[in-house]
Visitor: 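Submitted below is the structure of interest, expressed as structure tokens.
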Number of protein chains: 2
Amino acid sequence: MFQLDFKDRRPLHEQIKEQVKKLIITGVLQPDERIPSVRELAQMLTVNPNTIQRAYKDLEAEGFIYSIRAKGSFVANRDSTEPHPRREELMRELERNVAELMYLNEPVEQLLETIRAIYKKGGLNE
Amino acid sequence: MFQLDFKDRRPLHEQIKEQVKKLIITGVLQPDERIPSVRELAQMLTVNPNTIQRAYKDLEAEGFIYSIRAKGSFVANRDSTEPHPRREELMRELERNVAELMYLNEPVEQLLETIRAIYKKGGLNE
DNA sequence: CTTCTGTATTATATTAATTAATACAGTTAA
DNA sequence: TTAACTGTATTAATTAATATAATACAGAAG
């Protein structure tokens with residue numbers, strides 16, 4: 001379930017963060033489910049515990065997990081009432097990309113259809 | 001027309017690249033229009049010429065400009081027949097963001113409307 | 001021939017990012 | 001209470017990225 005791809009030259013903590021996030025948004029990890037502790041996952045992946053801590057810290061800042069001292073780290077509940085900290089950032093990034101795609105003559109209908117398809121199938125592949 | 005905001009902590013060559021790209025996609029710089037030479041822009045911005053060269057090299061790799069030895073650098077023509085190298089990358093990034101926004105309960109209609117609005121007004125603000 | 005292009009190379013200094021080794025504090029269960 | 005597990009913080013060391021600098025080369029234009 002947790003594994004690392006060393007062909008990637010991106011920082012380890014980022015790779016780990018993205019993989020955990022993927023497990024969350026694909027529903028493999030459910031809200032309030034416990035994820036491996038910092039030291040556990042560090043041993044599983046043979047990396048330094050601080051690398052895992054960095055990934056978890058970033059995931060918590062983005063609102064995808066929450067950590068309780070001496071208890072563990074858990075998947076955050078997404079349907080909380082407060083606004084998600086990651087949301088605005090995603091929207092701005094999306095807008096920049098759409099503007100760039102428009103300049104590159106990508107048809108608007110193509111984009112609309114892409115989005116509809118993702119929502120229809122309930123997320124991304126793999 | 002060319003200026004830098006040093007409040008940003010991102011690398012200089014990246015800031016320069018993004019600003020030139022913005023001038024291109026907003027239509028301020030037109031296809032086949034000449035942009036400042038490496039040394040000119042370096043002097044204008046009081047940075048090292050190598051920093052400009054790095055930005056231009058990246059912009060060329062993404063297909064936004066083209067350079068001719070001893071002549072100068074120019075805005076690339078976007079309606080060429082060959083596929084734009086930046087396009088697939090943008091689409092994949094957009095798909096990842098949409099999947100994440102879907103997980104965060106962003107309504108699909110909101111995304112569709114955002115895209116329609118961008119196309120309608122012909123790009124992004126400022 | 002002189003001057004301007006883009007491009008490439010090498011070196012260096014500085015800054016940022018990453019990893020590592022410890023220590024601390026709180027919870028849980030034996 | 002003690003032992004073993006949690007997350008967290010701090011500091012140091014190492015590694016990677018960035019930016020500048022000084023040259024050099026090749027082609028185009030006047």
Side-chain angles (χ1 to χ4, degrees), chain A residues 2-21 24 29 31-77 85, chain B residues 2-21 24 29 31-77 85:
Chain A
F2 293 91
Q3 50 187 0
L4 276 188
D5 151 13
F6 284 104
K7 290 166 291 187
D8 206 331
R9 315 100 163 88
R10 288 159 62 208
L12 290 179
H13 65 84
E14 236 177 89
Q15 293 185 45
I16 293 164
K17 171 183 142 190
E18 290 310 317
Q19 287 197 27
V20 174
K21 186 187 285 187
I24 293 175
L29 296 175
D32 293 321
E33 181 177 343
R34 189 171 180 279
I35 63 179
S37 77
V38 168
R39 291 172 181 84
E40 274 174 1
L41 190 51
Q43 195 169 12
M44 288 166 61
L45 302 178
T46 58
V47 299
N48 191 278
N50 291 349
T51 307
I52 307 294
Q53 192 199 338
R54 168 67 183 274
Y56 279 13
K57 184 182 165 194
D58 291 348
L59 280 168
E60 186 164 18
E62 288 189 8
F64 285 95
I65 68 172
Y66 62 95
S67 298
I68 304 179
R69 193 194 202 84
K71 288 202 160 182
S73 300
F74 307 84
V75 177
N77 209 314
Chain B
F2 291 91
Q3 48 186 6
L4 279 187
D5 54 341
F6 287 104
K7 293 164 289 188
D8 207 330
R9 320 96 165 94
R10 289 160 60 207
L12 291 178
H13 65 84
E14 236 176 88
Q15 294 185 46
I16 294 165
K17 171 184 143 191
E18 290 310 317
Q19 288 198 27
V20 174
K21 186 188 286 187
I24 292 175
L29 296 175
D32 294 321
E33 181 177 343
R34 190 171 180 279
I35 63 179
S37 77
V38 167
R39 293 173 181 83
E40 273 174 0
L41 190 51
Q43 195 168 12
M44 288 166 61
L45 303 178
T46 59
V47 299
N48 192 278
N50 292 349
T51 305
I52 306 294
Q53 193 197 337
R54 169 68 184 274
Y56 279 13
K57 185 182 165 194
D58 291 348
L59 280 169
E60 186 164 18
E62 288 189 10
F64 285 96
I65 69 172
Y66 62 95
S67 298
I68 303 179
R69 193 192 202 83
K71 287 201 159 184
S73 300
F74 307 83
V75 177
N77 208 316

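Order of the sequence lines fixes the chain letters, A, B, ..., with proteins taken first and strands second; residue numbering starts at 1 for each chain.
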Visitor: Round to the nearest Å and state the distance from A/Ile68 atom CD1 to C/dT28 atom C1'.
Guide: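 After rounding, the gap between these two atoms is 13 Å.
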
Visitor: Using heavy-atom distances to pick each residue's nearest nucleotide on DNA chain C, tell me which of A/Asn48 and B/Ile35 is more 5'.
Guide: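 Nearer the 5' end of the strand: B/Ile35.
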
Visitor: Could you give the CD-to-P distance, from B/Gln43 to C/dC4, as a whole number of Å?
Guide: 11 Å

Visitor: Would you mind reading off the distance between B/Glu60 atom CD and C/dG6 atom P, rounded to a whole angstrom?
Guide: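 Computing the B/Glu60:CD to C/dG6:P distance gives 11 Å.
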
Visitor: Could you tell me if the side chain of A/Ile52 sits less than 4.5 Å from the side chain of A/Leu45, heavy atoms only?
Guide: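 Counting from C-beta outward, A/Leu45 and A/Ile52 do come under 4.5 Å.
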
Visitor: Looking at B/Thr51, I'd like to know whether one of its side-chain N or O atoms comes within less than 4.0 Å of OP1 or OP2 on D/dA19.
Guide: no

Visitor: Figure out the CZ/P separation between A/Arg39 and D/dA4, and round it to whole Å.
Guide: 14 Å

Visitor: If you only use heavy atoms from C-beta on, which nucleotide in C/dT7, D/dT18, D/dT6 is closest to the side chain of A/Ser37?
Guide: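 That would be D/dT6.
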
Visitor: Count the heavy atoms belonging to other residues, nucleotides or ligands that lie under 6.0 Å from CD of B/Glu33, then report whether that count exceeds 12.
Guide: yes

Visitor: List the atom of A/Gly72, the atom of A/Arg34, and the distance in Å for their closest heavy-atom pair.
Guide: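 So the minimum-distance heavy-atom pair works out to CA-NE, 4.2 Å.
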
Visitor: If the cut-off is 4.0 Å, is A/Ser73 near the phosphate of D/dG7, judged by side-chain N/O to OP1 or OP2?
Guide: yes

Visitor: Between A/Lys71 and A/Gln53, who's closer to the 5' end of DNA chain D by nearest nucleotide?
Guide: A/Lys71

Visitor: Counting the atoms with a prime plus P, OP1 and OP2 as sugar-phosphate, which does A/Glu14 contact under 4.0 Å by heavy atoms, base, sugar-phosphate, or nothing?
Guide: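 No contact.
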
Visitor: Nearest whole Å is fine: how far is C/dG6 P from B/Ile52 CD1?
Guide: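 From B/Ile52 CD1 to C/dG6 P: 11 Å.
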
Visitor: Distance check needed: D/dT10 C1' versus A/Arg54 CZ, whole Å only.
Guide: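 Value for this atom pair: 16 Å.
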
Visitor: Using heavy-atom distances to pick each residue's nearest nucleotide on DNA chain C, tell me which of A/His13 and A/Arg69 is more 5'.
Guide: A/His13

Visitor: How far apart are the closest heavy atoms of A/Ser67 and A/Glu60, and which atoms are they?
Guide: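 Heavy atoms only, the tightest pair is N-OE2, 3.3 Å.
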
Visitor: Nearest whole Å is fine: how far is C/dT18 C1' from A/Arg10 CZ?
Guide: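 Answer to the nearest Å: 15 Å.
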
Visitor: Counting only distance, no hydrogens or angles, is the base of D/dA19 paired donor-acceptor with the side chain of B/Asn50 under 3.5 Å?
Guide: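 Donor-acceptor pair under 3.5 Å: no.
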
Visitor: Rounded to whole angstroms, how far apart are NZ on B/Lys57 and P on C/dA8?
Guide: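 It works out to 7 Å between those atoms.
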
Visitor: Nearest to the side chain of A/Pro11, which nucleotide is it out of C/dT27, C/dA17, D/dT8?
Guide: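 For A/Pro11, the side-chain atoms sit closest to C/dA17.
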
Visitor: On the nucleotide C/dT5, are OP1 or OP2 found under 4.0 Å from the side-chain N or O atoms that B/Ser67 carries?
Guide: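 No, B/Ser67 has no side-chain N/O under 4.0 Å of OP1/OP2 on C/dT5.
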
Visitor: Find out whether B/Val20 and B/Phe64 are in side-chain contact, i.e. whether some heavy atom of one side chain is under 4.5 Å from a heavy atom of the other.
Guide: no

